[in-house]
Every structure is written in structure tokens, then in C-alpha cells.
Amino acid sequence: MPFAADTWGGLGFDNSSLNWFGSECGRTGSILELTLEPATPLANLTQQMFDAVAQEIYSVNTVYGVPVFLRYGHEMNGDWMIYGLQPTEYIASFRKMAAAVRAKTNMTAMVWAPNIGITYPFTGGEYAMPAAGTADFELLDTNKDGVVDNNDDPYSPYYPGDDVVDWVGLSLYNYPDPGCYDCAVVPTYFSDCLTGKGPGVEAVAVVTPAYTAVHDFYAMFCNDTVHAKPMMLPETGSPFIPAYANRTGAQTEAVIKSGWWTQLLSADTLSTFPRFRLALNFEEAKVQSPLGDDVLEDWKVANTTEQIDMFTGLLKQAGDLVAWSGNLTYACDGSVKLA
């Protein structure tokens with residue numbers, strides 16, 4: 001199997017689930033990516049909660065010998081998160097979580113992972129933008145024009161700092177244009193979204209040099225001259241919608257999903273973005289309403305024999321570009337390297 005697996009939880013989660021995932025990663029020689037999504041206002045989180053989580057993660061590190069990527073409070077730039085659009089409180093909370101973890105272990109890396117921001121600020125979520133004149137609004141109005149819109153930086157106001165962020169990440173999926181669900185994947189969609197320019201972005205935003213300057217995530221957080229952080233996609237995939245399979249231009253499930261992963265695994269992608277080092281498929285299917293009607297969207301690549309064969313075939317074709325479980329070595333400083 002590839003060398004990382006993913007699980008989700010919130011502060012106060014069922015520790016038996018984390019223990020099970022930790023044991024499985026230990027059995028297979030993998031790294032665990034743990035997502036912690038606070039389900040209560042951040043002000044309600046206590047130091048005891050942070051310390052308890054850190055202790056559980058330390059147990060996974062030591063009992064099973066499993067390194068952990070801890071993605072804490074992801075998609076904090078989204079209006080669907082209870083902690084979203086609150087940069088001041090979010091940064092303080094992230095730093096508390098990082099401090100608690102680092103007091104216990106050096107085998108857990110802190111992952112900061114906003115949502116892809118090409119259509120930021122988002123609308124339709126439960127939580128509102130901070131009121132004009134507040135400290136958070138001033139932070140989010142990065143170009144200081146009195147409004148928070150698509151020309152503002154969707155990432156930097158939420159960045160907790162180089163000293164507490166080990167990896168950066170993005171929730172980034174193949175999201176087709178509304179009129180073309182189940183169509184073939186735009187060949188440059190990944191790089192377009194990552195750099196804030198190109199046809200994949202131009203379909204949903206007015207792209208100008210000013211726009212690209214604050215939407216080029218890779219240049220902003222991964223280039224040598226800035227934060228120089230390694231990057232992952234902690235959740236990604238390409239959705240197949242069975243209800244739309246007979247629409248004009250619709251492609252097969254294998255074409256839709258392989259089209260996305262072919263981009264992520266290509267030698268060109270990895271040479272262009274050398275700090276892009278990890279991607280985890282969103283192994284879920286859920287009902288959503290892309291065109292106003294409730295339909296099942298399926299991102300899974302392990303749901304049928306056909307999809308498993310497709311995905312493992314792509315991994316094998318990638319050869320040495322892909323690391324496999326069982327090939328990790330650990331140093332006393334907490335670093336993890338391929339054997």
C-alpha cells in the first residue's frame with residue numbers, strides 16, 4: 001500500500017478509533033494522517049484537551065512506531081467550519097495544539113491545510129464574514145480596499161507561523177464546471193488551482209496578475225524564497241456521479257478518476273512542484289446537490305475491482321515516484337526518511 005493513511009476526529013474523539021488506525025499503520029509500516037476538526041467554538045477548548053490529544057498521539061508514535069501528520073482545524077478559510085473566518089483565534093488555537101504535541105513527541109508533524117481558495121470568499125455556509133471594522137475583518141481585507149473579495153489573500157491571514165507549521169496542505173479536488181459533470185478532467189486543473197492561473201481557474205474567476213499573486217499557493221508557501229514547506233493534499237479526488245452517467249459528453253468512472261490521479265502522479269507535476277510530496281484520496285461517497293438535485297458523488301478508488309485495478313496500475317506506472325509502506329526509517333531527531 002502507499003505509505004500514508006487518513007482518519008478523522010475532533011477534540012474529545014473516541015480514542016479507540018485512533019488506536020485502531022495507529023495499529024494498522026504500524027502493521028503495514030505506514031504514516032498516519034490524523035485530521036482533528038473542532039466541533040465547538042475554539043474558545044471552549046482547554047489546555048487539558050490539547051494535552052490529552054497530544055498524549056494519545058504520543059501513544060501512537062511510541063506503541064506502534066507510527067509517525068503522524070496532524071492536520072488541525074483544516075479549511076479554516078471556509079464559511080462551513082465553526083472555527084472558519086476567525087484568523088486571530090484560529091492561529092492561537094493551532095499554536096496551542098502544536099505546543100502540546102511538541103512537548104510530548106517529535107514524531108508528529110503539524111499540518112496547516114486551508115481549502116483551495118480560487119473562489120474565496122465562499123458563500124452559502126453557516127458562518128458569516130467578520131463585521132467590517134473588527135480586527136479579524138482587517139486581517140482578511142488583505143488589499144485594504146474595505147471589502148473581502150476574490151482579490152484578497154485566501155491563505156496568509158490564517159497562517160500560524162513557520163515555527164509551528166511543518167507541512168502545508170490543501171483540500172483540493174477536481175471540481176468540474178457546473179455544466180459539465182462527469183466530463184473529462186481538465187488536463188492542467190491541478191497546476192492551475194495550485195498556481196492561481198490557467199483555464200481551470202479562469203472558468204470560475206477573473207484572473208489578473210493581482211489575483212494570481214495572492215492565489216499562487218505553491219509560490220507563497222513552498223518556494224525556497226518564502227516558507228519552503230513540504231506540501232500535501234490531505235484530501236483529494238475526482239467525483240463520479242452515477243446519475244449523470246448518460247449525459248452528453250459523460251465519461252466513465254475510470255476515466256474521470258484516473259484523469260485526476262494521472263496529473264498528480266506525473267513526472268512533470270512532481271518536477272514542477274518538487275515540494276508536493278503526498279496526496280490522500282477522499283475515500284468517500286456522499287449525497288450533494290451540484291445542480292440543485294440530490295445526487296451521489298463518489299470519489300472512491302477502492303470501491304470496485306475495476307477502480308482498484310485502475311488506481312494500483314497508475315501507482316505501479318509511476319515507479320520510483322511513489323513510496324510504498326514498509327520503506328520508512330526513523331531518526332532520533334524525529335525525521336522520517338525513505339529507506
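All values reported here derive from a predicted model rather than from experimental measurement.
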Can you sort out the partners of Asp79 under salt bridge (Lys or Arg N to Asp or Glu O under 4.0 Å), two or more places apart, ordered by chain and number? none
Is the backbone N or O of [Y] less than 3.5 Å from a side-chain atom of [X], with the two atoms forming a donor-acceptor pair by type?
X: Glu283; Y: Ala302; value: yes
X: Asn281; Y: Trp299; value: yes
X: Ser191; Y: Thr188; value: yes
X: Arg275; Y: Asn223; value: no
X: Ser271; Y: Ala267; value: yes

May I ask you to check whether [X] and [Y] show a side-chain donor-acceptor distance below 3.5 Å?
X: Gln55; Y: Lys104; result: yes
X: Asn106; Y: Asp333; result: no
X: Ser238; Y: Asn174; result: yes

Taking atom [atom1] of [X] as the centre, does the number of heavy atoms from other residues, nucleotides or ligands within less than 6.0 Å exceed 12?
X: Phe122; atom1: CZ; answer: yes
X: Asp293; atom1: CG; answer: yes
X: Lys229; atom1: NZ; answer: yes

Taking the side chain as every heavy atom from C-beta outward, state whether Leu36 and Val53 have any atom pair closer than 4.5 Å. yes
Is any side-chain heavy atom of Thr108 closer than 4.5 Å to one of Arg102? no
Please confirm whether [X] and [Y] have ring centers closer than 6.0 angstrom.
X: Trp80; Y: Tyr127; result: no
X: Phe94; Y: Tyr158; result: no
X: Tyr120; Y: His215; result: no

Hits for ring pair (Phe, Tyr, Trp, His ring centres under 6.0 Å) against Tyr155, two or more places apart or cross-chain, chain-then-number order -> Phe217
[X] side, atom [atom1]; [Y] side, atom [atom2] - distance, nearest 0.5 Å:
X: Leu194; Y: Leu170; atom1: CG; atom2: CG; answer: 6.5 Å
X: Met129; Y: Thr134; atom1: CE; atom2: OG1; answer: 10.0 Å
X: Tyr83; Y: Glu89; atom1: OH; atom2: CD; answer: 13.0 Å
X: Lys316; Y: Leu265; atom1: NZ; atom2: CG; answer: 14.0 Å

When you check the gap from the basic side-chain N to the acidic O, do Asp298 and Lys257 get nearer than 4.0 Å? yes
Carboxylate-amine/guanidinium contact Glu235 Arg71, below 4.0 Å: yes
Could you tell me how the ring of Phe190 sits relative to the ring of Trp260: parallel (under 30°), tilted (30 to 60°) or perpendicular (over 60°)? perpendicular
